[in-house]
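In what follows, a single structure is set out as structure tokens and then discussed.
Values reported hereafter were calculated over all heavy atoms of this structure, with side chains retained and with hydrogens, waters and symmetry mates removed. Below, read A as the first sequence line, B as the second, and so on, with proteins coming before strands; counting in each chain starts at 1.
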Amino acid sequence: MEYDFRNIEANWRKKWAQDESYKVTEDPNKKKFYVLDMFPYPSGAGLHVGHPLGYIASDIYARYMRHKGYNVLHPMGYDSFGLPAEQYAILTGQHPAKTTEQNIARYREQLDKIGFSYDWSREVRTSSPDYYKWTQWIFGLLFNAWYDLETNKTCPISELIAKFEDNGSYGVNAHMDEEWWKTYLLEADHIFSAHFEGEFTDTDWKGMTEAQKEALLMNYRIAYLADSVVNWCPALGTVLANDEIKDGVSERGGHPVEQKKMRQWSMRISAYSERLIADLDTIDWPDNIKEIQRNWIGKSSGARIRFQAEKEVTIEVFTTRPDTLYGVSFLTLAPEHESVEVLTSEEQRNAVMEYVANSKLKTERERMAEKKISGVFTGSYAMHPLTGEQIPVWIGDYVLAGYGTGAVMAVPAGDQRDYDFAKHFNLEIKNIFAESDLSEKAETSKDALLANSDFLNGMNYYAAFDAVCERLMEIGAGEKRVNYRLRDAVFSRQRYWGEPFPIYYENGIPRLINTEELPTELPDVDAYLPTESGEPPLARATNWERNGMPMECNTMPGWAGSSWYFLRYMDPNNHSVFASEERIKYWGQVDLYMGGAEHATGHLLYSRFWTKVLFDLGYIPFNEPFKKMINQGMILGRSSFVYRIKDSNTFISFERRKEFETQRLYAAISLVDNDKLNIEGFKNWLPEYANAEFMLNENGEYTCGWEVEKMSKSKYNVQTPDELIEKFGADTLRCYEMFLGPVEQSKPWDTKGINGVHNFLRRFHRLFLENETFAVSSEEATAAEMRVVHKTIKKITEDLERFSWNTVVSAFMIATNELTDLKCNKRQALEPLVVMLSPYAPHLAEELWKDLGHSTSVMNESWPVAESKYLEDDNFEYPISFNGKTRFFLSLPVGMSGADVEAQVLAHESTAKYLEGKTPKKIIVVPKRIVNVVM
RNA sequence: GCGCAUGUGGCGUAAUUGGUAGCCGCGCCAGACUUAGGAUCUGGUGCCGCGAGGCGUGGGGGUUCGAGUCCCUCCAUGCGCACCA
């Protein structure tokens, strides 16, 4: 009976489902292992062959760990809130829940066919009210929390209120905007004096109204509502977080993004910057992801320095090079800087106003694209804190309002941008370096020695840094300071298909809905668009209120639900807590997380952030979610092209395309085999090609051109797993995807090689056959056969331990080839191979295991152990090299001493020939490796 | 511009610590079987050379008895950040 994969796979799929073979339960007597895939957004297009690459790899590892005796948690679910379903709803009026439901059904069908060992009883969907109830609950935790810089921990807001009651803001060291009172006035009747600088007493606090207290607390909450400058995307009708923007346009759809001041919910992730960087050292993630996160968080150490300007204005700057302080020749403010208005002199007023207005008009992207140097003098001066010199204050849009203090001290000698600015406006360039030529460019080396810098003369950056900071501290003009690029994350989206906030407004004060009343379910609306007045879609709901008080109309962003889903899998049906304490304790961190690198600055950062919050508040016993992560590469498509002669319906073969002026058009890859076009199929493909004519190559064929690019519907290059499973089976697909190369690597999809892998499974199957029927021998396997088996056990085990999925397939092939050559059909030799094959080809392995007479599933068998007695060999075939070049081989006993090996080599007849009459200078003998004769 | 990663046959790749470069598969060539095959089986296949042999892991240099692997430098490709002071 030939390898009948269709029947085999269908039968086992059914049996696994019936028996709930992959259900796992917590078992304190067994060691746990948690293998997780990044759950997918269920799009309408379904899965293509690229999606399952990581799923297959993690499934193999999960099955392997199960064979090793671990209790393996390997769940799957859906990140089911999202834009496409909403956009489809806008077009068709169909409720996104329905579209989502259909897409999930399709995904499930496709996933099931591949033979994954998911415990589907633990499925989660972020859009299900049972799930988002707990997303809302976590939002509540964040709302009711603040960040204590004393203990470096997230703490309940009640503790902060107690501190205020007790001693006002004195002794409170919280992460917040340090100058919150400047931008966030406490409503109408200001209770503090004009000189208020952020500190208040318990009497002040007690004297505040409810609204004032709440407004003040907003500056401390981790989830907070504030007027902030956000990235507004008019085309999508919503705000976007920084990580949702690539190259100045929206990641989804590529629409322009503008800066807009809006009252929005935000997450105080910036409080966690240092921990998010430091804890990277405690997790086993790919270096490039860690590096991306480090860059994104953007830590830089420097100093804050204050310059006293005219009109009682103090300009504070942030610099990473305080050592160059003596080289300051001007200050530059961002156009949005708060002091621009007051510092502008009468003579300069028009010029400044024009410049500031112009900057405002430009989008971020335009500012970026514009390489032109621009700026304007304010007409004011500030005093150098050490020299007392008067320094001109300029405005320039190369200074960003959102970073540091929005003001810089310009040192043309030590910074290229300042240098360019100075050259352009003919400002002074003070040379503060002993040996640097500043005629062409600035000196940016930290090793350059300082000059013309008073007490810093002769020092380099490292020495001068501390010296100057110390001096600034003494005179109160500045101090050391660490700055981060990471901004707080906007958490509001003006969309329908997302989690509603558990928030209503009582006289404008945001109030949290009690846990007992959750979930706050999405209301029905008549359309999924913003209202006429520009309010989010939820504003359309007729009874979107609580006891007559209005509900929050924004919804949460896509990353809310995915920031904690790995915890819900542990206890998905719990109605009283997000996951029980015992279960969280049992399953702990994700041991292996598999997914794409594209989430480096989004999901992977946000889930780390939420994990730290939950850890600080005592809900989970670990502060990093994913212990080890592997990023699978992208599988690219290989698009095919036909060449239509301009203004005709005639297509010319690839080889001859240059004879005419042609237009390159996509041809569906299903119509192309080995770059040859199926002409009849092509004519029937699209109506416009029905009457197409063809100019063929010399072999009478039509050759297509090709290119490797991302798989996409519009490129007609999408390869779905379904058709390959139909043709070759899921086991072949699984093995083939692994065989393609290292999982981390991106590679073009190439269907050609799949035959070879399919063949391997057939040949493996054939080992168990005699005259087309199942037949294995009970005889003892020979030494040679056992050697093959144990060599393979060793190789495969080692490869899986180091996550080298591709080389395992190779090792299976070698074993199959060798056992075929040996005509081995011994049970003793074949059984361990079936066990080892089962993670890769679970259906075939189950079938063979059953045929071998077992009544239990192969997946519970323990992993075979390589026994060294089968691997040892008496002799080693030494490569004998002369000056590093291998010349011949010599088989010598393994235990032979180096001196004896040397003697044997010298005595060998071929040695004289390769010595060419010379005397060996030295002979290197590496036991069981190599002999090298040095001449 | 800064940071990170990757460069090995016609192609995908292999070579845990420096120790026989090219395993396994695709493709290609030859043969067998077959009415036929995009089936199956057998053999061959880095490049140059009839051969002996020489040359070969992006280029150049170095360390070493020995380098795909370590160091320096340059180049190419991909990814991330990008006026971040």
Pairing check on B:rG27: which nucleotide meets the Watson-Crick or G-U wobble criteria with it, both distances under 3.5 Å? B:rU45
Salt bridge check: are A:R306 and A:E479 linked by an N-O gap of less than 4.0 Å? yes
Mapping A:G756 and A:R763 onto RNA chain B by nearest heavy atom, which one lands closer to the 5' end? A:G756
Euclidean distance for C1', B:rC75 against B:rG25 (whole angstrom): 32 Å
Please report the distance separating the C1' of B:rC74 from the corresponding atom of B:rC28, rounded so that it comes out in whole Å. 36 Å
Considering only heavy side-chain atoms of A:K752, the closest of B:rA85, B:rG19, B:rC26 is B:rC26
Would you kindly say whether A:Y419 and A:E443 are connected by a side-chain donor-acceptor distance under 3.5 Å? no
Pick the closest RNA chain B nucleotide for A:S881 and for A:K795 by heavy atoms, then say which residue is nearer the 5' end. A:K795
Pairwise C1' distance for B:rC26 and B:rG9, with rounding to whole Å: 13 Å
Is the distance from the ring center of A:F421 to that of A:F330 below 6.0 Å? yes
Listed nucleotide nearest any side-chain atom of A:F889, set B:rG19, B:rU20, B:rG25: B:rU20
Sugar-phosphate, base or nothing in reach of A:R766, heavy atoms under 4.0 Å: sugar-phosphate
Rounded to whole angstrom, note down the P distance from B:rC71 over to B:rG1. 24 Å
Strictly below 4.0 Å, N to O, side chains only: are A:K794 and A:E798 in salt-bridge contact? yes
Base, sugar-phosphate alone, or nothing: which one does A:I292 contact when heavy atoms must sit under 4.0 Å apart? sugar-phosphate
Checking base pairs now: Watson-Crick or wobble, both atom distances under 3.5 Å. What partners B:rU8? none
Any idea which of B:rC83, B:rA85, B:rG25 is nearest the A:D397 side chain? B:rC83
